[in-house]
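Only heavy atoms go into these numbers, but all of them, side chains included; no hydrogens, no water, no symmetry mates. Residue numbers begin at 1 in each chain, while the letters A, B, ... track the order of the sequences.
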Amino acid sequence: MAESVTKRSEDYSKWYTDVVQMAELADYGPVKGTMVIRPYGYAIWESIRNICDRMFKETGHVNAYFPLFIPESFMKKEAEHVEGFAPECAVVTIGGGKQLEEPLYVRPTSETIIWSMYKKWIKSYRDLPLLINQWANIVRWEMRTRLFLRTTEFLWQEGHTAHATAEEAEAEAMKMLEVYRILAEDYLAMPVYVGRKSDSEKFAGAVRTYAIEAMMGDKKALQSGTSHFLGQNFAKAFDVTFLNKENKLEYVWASSWGVSTRLIGGVIMCHGDDKGLILPPKIAPHQVVVIPIWKSDEEKSLVKGKLESLGAELKAKNIRYFIDDNEQATPGWKFNQWEMKGVPVRVEIGPKDVQKNQIVVVRRDIKDKQFIPMDNAGDVIVTLLETIQKDLFNRALEFRNQNTFPVSNYEEFKKIIDDGGFVKAFWAGSAADEVKIKEDTKATIRCIPLNQTEKGVCFFTGKPSDTIAIFARAY
RNA sequence: CGGGGUGUAGCGCAGCCCGGUUAGCGCGCCUGCUUUGGGAGCAGGAGGCCCUGAGUUCAAAUCUCAGCACCCCGACCA
């Protein structure tokens with residue numbers, strides 16, 4: 001009986017697919033490109049969603065919900081937007097058995113329908129800022145899909161804000177970018193490069209796009225969150241104006257920002273190993289799994305007694321724990337199963353432990369096994385979870401830094417990209433140069449870090465440059 | 001849309017080339033007994049429009065043609 005995943009070193013994408021399915025995170029839906037998020041995967045999404053939602057509310061945002069269907073005419077109002085999204089949209093042309101007067105787009109993102117409503121709601125500077133987020137599903141008809149990373153339909157949040165000034169809208173985009181950085185680094189333990197997108201990579205309809213970019217276990221990049229300064233593009237397209245303090249009519253300034261279930265894919269590829277998933281404690285549905293062990297009925301009642309007191313202690317410390325007392329499965333099977341599912345800490349209690357008043361505690365990430373006294377188990381485990389959270393981040397950070405390289409010419413660049421890794425180097429090229437690099441190497445500018453002060457020479461054009469860019473192959 | 005491939009039990013496959021009784025195997029599932037500190041053992045059992053349609057033949061999972069679906073590599077895409 002060999003129920004293990006493909007080794008990461010053998011076939012990384014097979015490994016990924018194996019983990020997603022064997023850890024019961026998701027399954028393929030009946031329609032090509034669709035995904036069923038299974039309870040365990042959904043629980044991870046709920047963790048992420050709760051963390052985000054709290055941070056959004058702490059930064060002054062409120063939730064609302066806008067319709068799934070968008071009239072075709074709305075999509076066409078912003079030229080770049082329709083050009084960018086129309087080819088990957090699903091369109092409804094029949095309703096109630098009749099051909100519709102106007103086709104309805106299934107939202108690929110909600111800027112258009114939201115700004116059509118903002119036109120009604122915004123009249124004065126007193127109505128601003130308007131800071132709305134929605135949790136929703138969206139549809140993008142992708143040609144090639146991968147569970148969590150790119151599916152036809154996925155879950156996300158999209159924030160859409162309206163402001164009286166460009167500075168305020170830009171500040172909002174930056175603020176939410178920072179929220180995303182905190183989400184990625186402090187909760188998902190996934191270090192990210194934070195920066196601006198090049199013009200060719202920016203969102204269709206944005207003035208500027210910002211992103212967080214993470215390195216996966218195969219040294220490819222994953223765009224993990226984006227935040228856009230939209231300028232007045234959508235306000236102009238939907239004619240959203242307000243009277244400012246000087247009683248002058250002005251177009252509203254906007255931002256939008258989003259993260260999606262793709263983050264789950266990021267967590268899998270950032271931390272996972274050949275035994276499966278490794279979840280950061282802060283988002284793990286179960287932070288601790290307790291596996292009781294007994295043979296006789298006598299041992300069973302002894303162990304059960306200890307389980308109760310341990311459960312009470314873990315609960316008192318607000319630890320999310322699960323006692324796997326299923327008698328149909330053997331302990332060995334459970335060990336493997338919960339390692340596959342990435343539970344950060346495993347606790348074993350058997351007759352021997354009861355006798356010594358101890359428990360066995362095993363870390364998922366480094367397999368470290370220790371025996372600790374029963375009495376202060378709660379405190380020890382709280383500390384252990386914090387340590388694991390930090391260690392996961394540091395391990396990922398070290399991996400990323402060791403695989404991020406400077407280059408001084410294009411030959412070096414090609415070698416790094418071919419061998420796998422990020423390139424962090426001075427850049428003064430054009431959009432055409434970006435295309436050329438992409439054609440040659442499949443690498444793109446992932447982001448241009450903010451607040452740069454250094455000067456150097458562009459590795460591609462040889463021109464002087466004050467801009468460092470990060471290049472990589474991406475998902 | 002171009003190139004290649006695959007459709008047989010819940011999953012993974014064999015059988016097909018060379019047509020011939022009740023279509024097999026592994027895992028999973030069910031029942032019973034024994035087990036339980038790293039994926040338990042034995043015994044018994046359930047489960048199949050062999051992708052669809054047409055054709056060839058005494059006879060088709062197997063040969064021929066058409067269709068459909070899916071997968072991989074491109075193209076496209078974040």
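For A/Arg181 and A/Glu178, the salt-bridge test passes: some basic side-chain N is under 4.0 Å from an acidic carboxylate O. Remark: A/Lys295 does not engage A/Glu299 in a salt bridge, criterion side-chain N to carboxylate O under 4.0 Å. Look at A/Asp325 and A/Lys304 and you find a salt bridge, because one of the NZ, NE, NH1 or NH2 atoms lies within 4.0 Å of a carboxylate O, short of that distance.
Rounded to an integer number of Å, the gap from NZ of A/Lys341 to P of B/G38 is 22 Å. Rounded to an integer number of Å, the gap from CD of A/Glu142 to P of B/C77 is 10 Å. Atom pair A/Met340:CE and B/G38:C1' shows a separation of 14 Å (rounding to whole Å applied). At whole-Å resolution of the value, CD1 in A/Ile445 and P in B/A78 are 16 Å apart. One can place CE of A/Met22 at 10 Å from C1' of B/G39, the figure rounded to the nearest angstrom. One interatomic measurement links the two molecules: CD of A/Gln223 to P of B/C77, which rounds to 15 Å at whole-angstrom precision. In this entry the distance linking CZ of A/Arg150 with C1' of B/C76 reads 10 Å, nearest Å. Taking atom CZ on A/Arg473 and atom P on B/C77, their separation rounds to 18 Å, with Å as the unit.
Rounded to whole Å, the P atom of B/G10 lies 29 Å from the corresponding atom of B/G55. Taking the P atoms as reference points, B/U62 lies 12 Å from B/G53, given to the whole Å. B/U21 and B/G3 have their P atoms separated by 39 Å, given to the nearest Å. The separation of B/A69 from B/U52, taken at their C1' atoms, amounts to 10 Å, rounded to a whole angstrom. Remark: the separation of the P atoms in B/C29 and B/G24 is 23 Å, to the nearest Å. Comparing B/C18 with B/U8, their P atoms sit 23 Å apart, to the nearest whole Å. Annotation: B/G19 and B/A60 have their P atoms spaced 13 Å apart (nearest Å). For the C1' atoms, the distance from B/C63 to B/C72 is 28 Å, rounded to whole Å.
With sequence neighbours excluded, the residues forming a salt bridge (charged side-chain N to carboxylate O under 4.0 Å, His left out) with A/Glu24 are A/Arg38, A/Lys341, listed by chain and number. For the side chain to side chain donor-acceptor pair (under 3.5 Å) test, no residue two or more places apart in sequence or in another chain qualifies with A/Asn326. For A/Asp53, the salt bridge (charged side-chain N to carboxylate O under 4.0 Å, His left out) criterion is met by A/Lys57, not counting sequence neighbours. Scored by the salt bridge (charged side-chain N to carboxylate O under 4.0 Å, His left out) test, A/Arg208 finds A/Glu170 as partners (sequence neighbours excluded). Every residue two or more places apart in sequence or in another chain was checked for a ring pair (Phe, Tyr, Trp, His ring centres under 6.0 Å) with A/His271, and none qualifies. Partners of A/Glu339 according to the salt bridge (charged side-chain N to carboxylate O under 4.0 Å, His left out) rule, which considers only residues two or more places apart in sequence or in another chain, are A/Lys275, A/Arg346.
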For nucleotides 34-37 of chain B, list the nitrogen or oxygen atoms of the protein found under 3.5 Å from its nitrogen or oxygen atoms, one pair per line.
from  : atom 1 : to       : atom 2 : distance (Å)
B/G37 : O6     : A/Gly350 : O      : 3.4
B/G37 : O6     : A/Pro351 : N      : 2.9
B/G37 : O6     : A/Lys352 : N      : 2.8
B/G37 : N1     : A/Asp353 : OD2    : 2.6
B/G37 : N2     : A/Glu348 : OE1    : 3.2
B/G37 : N2     : A/Asp353 : OD2    : 3.2

Pairs: protein N or O with nucleotides 1-11 of chain B N or O, under 3.5 Å:
none

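The side chain of A/Lys275 has B/G38 as its nearest neighbour among B/G38, B/G74, B/A78.
Applying the side chain to side chain donor-acceptor pair (under 3.5 Å) test to residues at least two apart or on different chains, the pairs with a partner in residues 350-367 of chain A are A/Asp273-A/Arg364, A/Asp273-A/Lys367, A/Lys306-A/Asn357, A/Asp353-A/Gln358, A/Asn357-A/Asp375, A/Arg363-A/Asp365, A/Arg363-A/Asp391. Pairs passing the salt bridge (charged side-chain N to carboxylate O under 4.0 Å, His left out) check and including a residue from residues 189-200 of chain A, sequence neighbours excluded, read A/Lys197-A/Glu213. Judged as a side chain to side chain donor-acceptor pair (under 3.5 Å), the pairs with a partner in residues 72-86 of chain A (not counting sequence neighbours) are, in order, A/Ser73-A/Glu102.
Judged by distance alone, the side chain of A/Asn336 and the main-chain N or O of A/Gly332 form a donor-acceptor pair under 3.5 Å.
Comparing A/Gly84 and A/Arg346 by the nucleotide of RNA chain B whose heavy atom lies nearest to each, the residue mapping closer to the 5' end is A/Arg346.
A/Glu213 comes within contact range of no nucleotide atom at all, as no heavy-atom separation falls under 4.0 Å.
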Point to revise | Watson-Crick and G-U pairing of RNA chain B, under 3.5 Å, as dot-bracket with | and [ ] | key: (((((((..((((......[...)))).((((((.....)))))).....(((((..]....))))))))))))....

